[in-house]
Structure formats: C-alpha cells, structure tokens
Amino acid sequence: MNEELVSESGHSHMGILNEKRILLGVCGSVAAFKAVALASQLNQAGAEVTTILTKDAARFVTPLSFTSVTQRPAYVDLYTPDPGRILHVALAEEADLLAVIPATANTLARMAQGLSDDLLACTYLSTRAPVLVAPAMDGGMYTNAATQASLATLRDSGVHVVEPLEGRAASGLVAKGRMPEVDALIAEIRTVLGRNGPLAGKTVVVTAGGTQEPLDPVRYIGNRSSGKMGFALAEAARDCGARVVLIQAATTAPPPLGMTTVSVTTAAEMQAAVNEHAAQADALIMAGAVADYRPETARSQKTKRTGDPLAIRLVENEDILAGVPRTLVKVGFAAETDDVLRNAEKKLTSKGADLIFANDVSRPDSGFGADTNQVVVLSNARPPEPLPLMAKSEVAAVILERVSGLVRERSEK
Ligand code: CTP
C-alpha cells in the first residue's frame with residue numbers, strides 16, 4: 001500500500017486485522033483443520049496469530065501446521081518454559097482477542113466453570129481481551145442442557161458465541177453444531193475487534209450492486225456493477241462498530257457477513273428501502289449503481305420478435321441520494337468517463353451530499369468489477385483530494401474514516 005496514504009489520525013489505512021494480536025485457541029474437534037486455514041488468512045490480513053492447542057487438538061492438527069502458516073509460536077503445554085515471564089499471563093496480556101475456534105463441549109464447560117487445567121483455560125481466565133468461541137460438535141452434544149448452560153454462562157460473562165450451523169457432522173448426524181466456514185469466522189472476528197470503533201452505536205446504510213429495470217418477464221436493463229465497492233464499504237462500516245444495513249441490488253461478488261441485508265431489484269425498490277432505513281440512520285453511502293431510466297411499461301408477457309425495429313420508451317427514475325434529508329451524512333460516488341472533477345463537483349451540490357468520491361470508470365483498474373479503485377474525494381470543506389490507486393477495501397477504510405469524522409461532528413452539534 002502507498003506509504004503516503006496516512007489518515008488524519010496518523011494511522012495507516014489498512015484493514016482492522018492489521019497488526020492485531022490474535023490468540024487462537026484450538027480444541028480437539030474434526031473442525032480443527034479449518035483453524036489452520038483461518039490462521040493462514042488472518043496472518044495474510046496482517047494479524048499476529050499465536051496459537052494455543054489443547055492436547056486433544058494436537059491429535060487432529062499439529063502445532064507445526066500453525067507455526068508454518070503464522071510464522072509465530074504454537075503452544076500446547078502449560079509449562080512451556082518462557083524465561084522471564086509466565087507464559088499464560090504474558091499471552092493473555094498481549095492479546096487483542098482470544099478466539100477459541102473450534103470450541104469443544106469440554107473446553108466450553110471448563111471455561112464456564114473457571115477451571116485452570118491447561119494453557120488455554122489459564123489464558124482465558126487471565127485475559128481482559130474480548131473472547132470469541134465457535135462451538136463445533138455433534139448436534140446431541142450441542143443441544144445438551146449442560147453445553148447450553150456453559151454457553152449461557154459464557155455469554156453472561158461477555159463472551160461472543162458464534163452460532164453453529166445446521167449441517168452434516170463428521171458422525172453423519174445432521175443437526176446444529178457444524179462450525180461456520182472461514183469467511184464467516186473472519187467476519188465475526190472483525191465484528192468483535194471493531195465493536196468499540198468510531199461508529200459504535202451508529203447505523204450506516206450502504207447500497208451496493210446494480211439495479212435492474214424490467215422490460216418484460218424475462219428481460220431487463222441493467223449495468224455492470226459487481227457490488228465489490230459497496231460490499232467493501234459495508235464491511236468497513238461494520239469494522240468501525242456500526243450497525244450496517246446493506247441494501248443490495250444485482251451483484252456478482254460474494255456478499256459480506258455480519259450485517260442486515262435487504263435485497264432489491266429495481267431503482268424504485270432501492271429508493272423505498274433507502275428511505276425506510278435512512279430514517280433511523282446516521283449515514284447513507286450510495287455505492288449502488290442506480291439505473292437513471294426505466295422502461296415506461298414493463299410488459300406482462302414476453303416481447304416477441306416482429307421483424308420491425310423496436311422502440312422502448314424510457315422514463316427517468318428519481319434521484320435516491322438527492323431525495324434523502326441532509327440530517328444524516330450523505331455520501332455518493334460519481335462514476336464518470338470524462339471531465340471527472342467538474343461532473344463530480346456538480347453532483348456534490350445537486351445531490352446535497354457531504355462527500356462525493358469520484359472515479360473514472362473508463363480506466364480498467366478503477367471501473368466496474370475491478371478489485372482496485374482510484375478516487376478523488378470531494379467535500380464542501382476542502383479542495384479535491386486525489387487518493388492513490390488502492391484495493392477497494394483500502395478505499396473503503398478511507399471513506400469510513402471520513403464518514404466517522406462527519407458523523408461525530410453531527411452528533412456533537
Ligand atoms: N444515484 C442515486 N439515484 C439515482 C442515480 C444515482 O442516488 N437515480 C447516486 C449513485 O448511487 C451515486 C451518485 O448518485 O452515489 C452518482 O451516481 P452517477 O450515476 O454517477 O450520477 P447520476 O446522478 O446518475 O448522473 P449521470 O448519470 O447523469 O452522470
């Protein structure tokens with residue numbers, strides 16, 4: 001990432017996982033193999049992952065698997081010599097998060113009862129960091145009153161419990177108890193790390209994807225939006241601690257997790273959803289590619305070929321962003337192919353927006369479907385600020401920092 005890109009607060013604009021010290025507690029479950037993939041992805045996102053395996057976990061996966069993917073220690077034994085410090089106390093103090101993934105019935109029970117019979121249990125008792133557990137076990141064990149009592153005790157003491165899924169367990173039983181996949185676990189970890197962020201207690205509405213305007217039951221007018229930028233913004237808002245309402249039209253990218261999602265098809269549906277949710281929101285970020293026109297009538301039957309030219313009359317859709325009151329922070333994008341700055345500046349005024357992020361969609365690295373974006377920030381307060389070409393997730397982090405600042409200013413007024 002570009003070293004010049006340092007935020008107003010002096011921190012670099014990287015994802016929430018960057019430089020976070022995550023203690024990964026791994027228990028003896030068949031799902032332990034997923035913990036290796038999880039550790040690898042956390043490491044790639046910049047987190048410093050230290051692993052603690054229970055002795056049963058070490059029967060399923062080895063400490064070497066974790067040290068290999070994290071380049072950091074993986075411990076099993078409570079009495080591992082660690083000169084000059086007491087291992088479980090030091091690990092507990094250093095952690096930004098303790099994530100027990102997978103968590104077995106046995107370890108959940110030991111944690112709930114405050115036992116201190118291995119390194120993971122002692123570290124759990126010692127730490128003041130937030131704690132997340134992802135139970136993984138057969139449905140019978142999960143629904144058993146004893147396991148549910150352990151989980152209730154842990155929830156009461158502030159532990160974040162990742163709900164297991166219904167699914168097929170290794171035993172062949174189909175029941176609730178299957179651990180979610182790595183992407184979902186990462187979304188939960190990011191949510192816990194961000195919970196006290198600058199948008200804690202605030203609601204942010206984000207639109208993503210392209211609207212589709214029906215011509216007849218089988219055809220529509222659409223656009224090339226992938227939803228990637230909107231999804232990155234929704235994730236960045238969630239990582240800042242916001243409650244996120246994602247209003248999603250047609251997309252091709254995998255949707256983000258850990259937020260309320262509302263699916264819409266047309267511009268009119270998107271407008272209705274935005275108006276409904278913006279009423280309780282602190283900020284609206286319109287990353288959705290809204291069709292400016294829709295066919296005047298959507299035929300109820302499939303249009304047949306006639307051999308003659310076909311004219312379709314289009315009527316204008318309302319401007320969603322312009323129609324939202326200025327009481328909340330309003331952010332838009334200006335997707336332009338020419339005269340980018342002048343066109344984008346006009347949108348700042350005509351839409352009553354607080355911020356417009358202008359991008360030249362004719363560039364291959366900045367347009368629809370790309371993983372990167374190069375934007376210029378336009379606001380009422382400052383001259384245009386071009387940002388370097390960055391990953392959409394990094395652009396999203398910059399945008400959310402600006403949005404957080406404006407939301408804070410509004411609430412102080
Ligand atoms: N937008 C909106 N409602 C519309 C059209 C666009 O809220 N009916 C929002 C978009 O989500 C974006 C911003 O307005 O955040 C600018 O979108 P853009 O397509 O660049 O601008 P338009 O207003 O459609 O103007 P034009 O297509 O003429 O450039």
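All ligand and atom numbering here is 1-based and tracks the order in the structure. Keep in mind that this is a model prediction, so the values were computed, not measured.
Using a 4.0 Å cut-off between charged side-chain N and carboxylate O, D216 and K302 make no salt bridge.
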Could you walk me through whether N317 and D292 pass side-chain hydrogen bond (donor to acceptor under 3.5 Å, both in side chains), step by step?
-> CA-CA 5 Å; N317 283 323; D292 290 331; over 6 Å; no
Tell me, with the steps shown, if R326 and D354 meet side-chain contact (heavy atoms from CB on, under 4.5 Å).
-> CA-CA 9 Å; R326 294 205 65 168; D354 297 281; 3.8 Å; yes
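More than 12 heavy atoms of other residues, nucleotides or ligands shown are found within 6.0 angstrom of CD on E163.
S65 places a side-chain N or O within donor-acceptor distance of the main-chain N or O of T62, the cut-off being under 3.5 Å.
Minimum heavy-atom separation, A278 to V324: CB-CG1, 4.3 Å.
The residues lining ligand 1, counting any heavy atom closer than 4.0 Å, are M286, G288, V290, D292, E318, D319, I320, L321, G332, F333, A334, A335, K347, K351.
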